[in-house]
2 protein chains.
Amino acid sequence: MTNIHDIARLSGYSVSTVSRVINHQKYVADEKRAKVEAIMRQLDYVPNRVARNLSNGQTKTVGVVMPYANHPYFARIIDGLVSAAFEAGYKITLLPTNYDLTIERRYLDQLRSKAYDALIFTSRSSSLETLERYRKYGQIVCCEDPGERPLAAAYTDREASYISALKWAQAQGYQKMGVVLSRNNVISASTRVTRSAYQQVYGKLTSQHLFVGAVTYEDGYRAGEYFANLTPGVDAVFTNGDDIGAGVQTYFTDHQLTPPPIIGQENLLSSRLCQFSTIDHHLEALGRAAFKLATGQTTTHKLIKSEFIRR
Amino acid sequence: MTNIHDIARLSGYSVSTVSRVINHQKYVADEKRAKVEAIMRQLDYVPNRVARNLSNGQTKTVGVVMPYANHPYFARIIDGLVSAAFEAGYKITLLPTNYDLTIERRYLDQLRSKAYDALIFTSRSSSLETLERYRKYGQIVCCEDPGERPLAAAYTDREASYISALKWAQAQGYQKMGVVLSRNNVISASTRVTRSAYQQVYGKLTSQHLFVGAVTYEDGYRAGEYFANLTPGVDAVFTNGDDIGAGVQTYFTDHQLTPPPIIGQENLLSSRLCQFSTIDHHLEALGRAAFKLATGQTTTHKLIKSEFIRR
DNA sequence: TTAGTGTATGAAACCGGTCCCAGGTCAAGC
DNA sequence: GCTTGACCTGGGACCGGTTTCATACACTAA
């Protein structure tokens with residue numbers, strides 16, 4: 001592999017001069033610049049990215065921590081992230097965790113080892129305290145409201161949108177609202193917020209009205225089965241995602257039952273095809289905002305407005 | 001930032017010894033090993049990834065070139081890619097191109113500059129010859145049949161599955177098959193193969209029966225409008241994706257027309273909800289295979305069987 | 001006793017860049 | 001004539017690791 005020293009030797013100039021040519025800096029005589037450029041072309045030379053990164057102390061790379069990539073929720077965030085990163089000349093590296101704390105920790109240590117300039121947690125299992133502790137090794141952005149904690153964050157106003165959706169349903173006359181969640185976990189922002197919003201509109205969420213463990217359409221189908229066989233039943237279902245809502249609805253129609261009105265999330269194709277209401281969290285915008293926070297130095301919060309779409 | 005020299009100085013041993021401890025190599029006395037480890041812990045030291053990458057001459061990173069991330073086709077491939085990379089201790093960097101040749105070339109030059117160990121083209125605008133030319137800078141994998149060209153490749157047997165789907169439709173009595181494509185482009189493998197399969201089953205594909213430029217559900221809806229207003233019309237539609245097929249179907253039902261049978265691709269939720277046939281290309285498997293080829297040195301081909309799902 | 005082998009260690013070259021600093025030329029301004 | 005500042009150039013430290021090689025010691029087999 002040819003390196004900058006080869007170019008220097010062959011051109012007869014110093015490494016410094018070659019470096020100046022590479023970086024289009026001032027103070028290089030025109031004829032030397034031309035000669036160096038000619039030799040670089042001739043030898044098919046390209047400066048080594050890794051060496052530059054080492055010298056510059058940055059990688060122009062942002063790591064994105066997520067449980068898995070094949071879920072529309074994360075896919076949409078990633079989409080926004082990748083676009084914003086591209087425009088800024090940064091690269092996005094995908095870091096799957098499958099909600100494993102040990103793996104999350106590994107990524108935090110990679111931040112420590114300067115493998116990334118920043119880390120974005122689209123979801124997390126670690127505590128916010130842990131993230132803060134690693135803050136000194138690089139920027140860290142989370143995708144939820146960190147409250148008083150001093151972490152950069154991009155998040156949606158879930159609670160407001162949940163409340164308005166639930167209030168709307170209540171006003172329509174639906175008094176027995178079932179709820180579908182992915183994880184029943186204190187650390188999951190979505191779970192916390194759903195519970196809180198439900199509490200404020202419908203009162204305490206009983207375990208009867210709750211189905212936990214839904215991530216996919218199939219899970220939603222099982223949730224549909226659960227609610228269809230529940231007595232007393234529910235008259236509407238609030239789900240943690242459109243695909244899951246579609247599963248709920250399909251269970252009912254598959255069994256010649258009238259499906260309850262469903263409220264989904266993310267405004268995916270499935271809620272359009274199944275014609276139920278949904279909450280669009282504008283996740284691309286969330287991703288873009290998260291990236292901007294990752295490359296800025298500040299500890300700022302960025303709130304993305306969610307939108308309740310009635311159908 | 002504390003580095004390996006600090007550890008060496010503070011422990012009283014040499015950099016080599018510290019390096020041996022870091023890398024769990026033999027030939028370090030137990031007490032020295034213990035002392036070095038203690039000091040590393042005490043100083044909160046982690047070796048710098050970039051420096052190691054420079055020294056080792058590899059990054060354990062694979063770049064994935066794709067037009068955009070927010071499309072189910074690429075999302076599914078990426079999913080397989082990320083899983084396989086994770087298991088192998090590699091990282092995946094997403095490289096969006098929006099089909100721009102200049103941007104593709106930029107990524108190829110980044111391969112040249114050792115930013116990645118390998119590059120996977122899930123789709124491409126550059127010619128295969130161009131990819132081959134860059135082959136000497138690192139492994140390059142494409143996701144289509146490269147024919148006689150000596151490139152590593154993971155791809156699905158599109159043609160066989162298209163033919164069997166079309167023959168099935170023909171046997172069902174559908175003689176006027178409409179086709180929806182994304183790009184009418186020689187370089188697009190999917191376009192070439194669709195045309196070829198159509199030719200073999202239905203004969204020449206006339207421009208009447210073809211709608212080009214569909215990527216999203218909305219595009220599919222417009223394709224539906226096109227076919228609904230076509231005289232003489234079509235009696236079935238072969239689409240380049242389930243979401244697009246769902247768009248076609250929805251246009252018909254929205255306008256109180258009986259939708260033609262539709263053949264989709266990818267086996268997404270939309271084809272299940274709309275109950276039409278589809279071809280599952282097992283894209284996760286494709287992604288996994290592509291990753292394995294990227295880290296292997298060989299120029300091999302891996303064929304993933306596509307599956308026609310009748311509904 | 002001696003040659004041979006396994007273990008342990010550090011000096012220094014190397015990976016491939018960036019950049020600070022010292023030193024030199026030359027023309028303009030006083 | 002002298003100072004000043006803009007322009008140009010190269011040496012070498014530095015980023016933070018890995019690895020080769022020379023050396024030394026302990027122990028065993030001939």
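The basis for the numbers below is simple: all heavy atoms, side chains too, and nothing from hydrogens, waters or symmetry mates. To find a chain, count down the sequence lines: A is the first, B the second, and so on, and within it residues start at 1.
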- Determine, stepwise, if the pair A:T130 / A:S127 fulfils side-chain hydrogen bond (donor to acceptor under 3.5 Å, both in side chains). CA-CA 5 Å; A:T130 303; A:S127 66; 2.9 Å; yes
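- Between B:K114 atom NZ and C:dG16 atom P there is a gap of 9 Å when expressed in whole angstrom units.
- Here the P atom of nucleotide D:dC14 and the CG atom of B:L54 are 18 Å apart, to the nearest Å.
- Between B:I22 atom CD1 and D:dT18 atom C1' the separation is 10 Å, expressed in whole Å.
- Within 4.0 Å (heavy atoms only), A:V18 reaches no atom of the nucleic acid at all.
- Residues from residues 35-45 of chain A that place a heavy atom under 4.0 Å from any atom of DNA chain D: there are none.
- Heavy atoms from other residues, nucleotides or ligands lying under 6.0 Å from CG of A:D30 number 12 at most.
- Salt bridge annotation for B:K305-B:D157: present, with a cationic side-chain nitrogen under 4.0 angstrom from a carboxylate oxygen.
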Indicate every side-chain donor-acceptor pair of residues 62-71 of chain B with a distance under 3.5 Å to a residue at least two apart or in another chain.
{"from": "B:N70", "atom 1": "ND2", "to": "A:D79", "atom 2": "OD2", "distance (Å)": "3.2"}
{"from": "B:H71", "atom 1": "ND1", "to": "B:Y73", "atom 2": "N", "distance (Å)": "3.0"}
{"from": "B:H71", "atom 1": "NE2", "to": "B:V215", "atom 2": "O", "distance (Å)": "3.4"}

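- Of the residues in residues 2-11 of chain B, those with a non-hydrogen atom less than 4.0 angstrom from any atom of DNA chain D are B:N3, B:I4, B:H5.
- Between A:R158 and A:E144 there is no salt bridge, since none of the side-chain N atoms of the basic residue sits less than 4.0 Å from a carboxylate O of the acidic one.
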Distance-only check: which donor-acceptor pairs under 3.5 Å involve side-chain atoms of residues 86-96 of chain B, not counting sequence neighbours?
{"from": "B:E87", "atom 1": "OE1", "to": "B:R288", "atom 2": "NH2", "distance (Å)": "2.7"}
{"from": "B:E87", "atom 1": "OE2", "to": "B:R288", "atom 2": "NH2", "distance (Å)": "3.0"}
{"from": "B:T93", "atom 1": "OG1", "to": "A:T93", "atom 2": "OG1", "distance (Å)": "3.1"}

- Message: At under 4.0 Å between heavy atoms, how does the protein contact nucleotides 5-11 of chain C? Give one character per nucleotide, 5' to 3', with B, S or -.
- Response: --SBBBB
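- Contact check for A:F121 versus A:E104: side-chain heavy atoms found under the 4.5 Å cut-off.
- Looking only at atom types and distance, the side chain of A:R52 has a donor-acceptor partner in the side chain of A:N23 under 3.5 Å away.
- B:D6 and B:Y45 share no side-chain donor-acceptor pair at under 3.5 Å.
- Axis orientation changes by 50° from one end of the helix from C:dT1-D:dA30 to C:dC30-D:dG1 to the other, with each end axis drawn from 5 pairs and the value rounded to 10°.
- For the OP1/OP2 pair of C:dT18 and a distance below 4.0 Å, the side-chain nitrogens and oxygens of A:S19 include at least one atom meeting the criterion.
- A straight line from CD of B:Q58 to C1' of C:dG16 spans 16 Å, rounded to a whole angstrom.
- In this structure, A:R183 satisfies the cation-pi test against A:Y99, with its NZ or CZ atom closer than 6.0 Å to the six-membered ring centre and inside 45 degrees of the ring normal.
- The main-chain N or O of B:D100 is never found under 3.5 Å from a side-chain atom of B:N98 such that the two would form a donor-acceptor pair.
- Neither OP1 nor OP2 of C:dC15 sits under 4.0 Å from any side-chain N or O of B:N53.
- For the residue pair B:N185/B:T191, the side-chain donor-acceptor check at 3.5 Å is not satisfied.
- When every heavy atom of A:T156 is checked against every heavy atom of A:S306, the shortest pair comes out as CB-OG, 3.5 Å.
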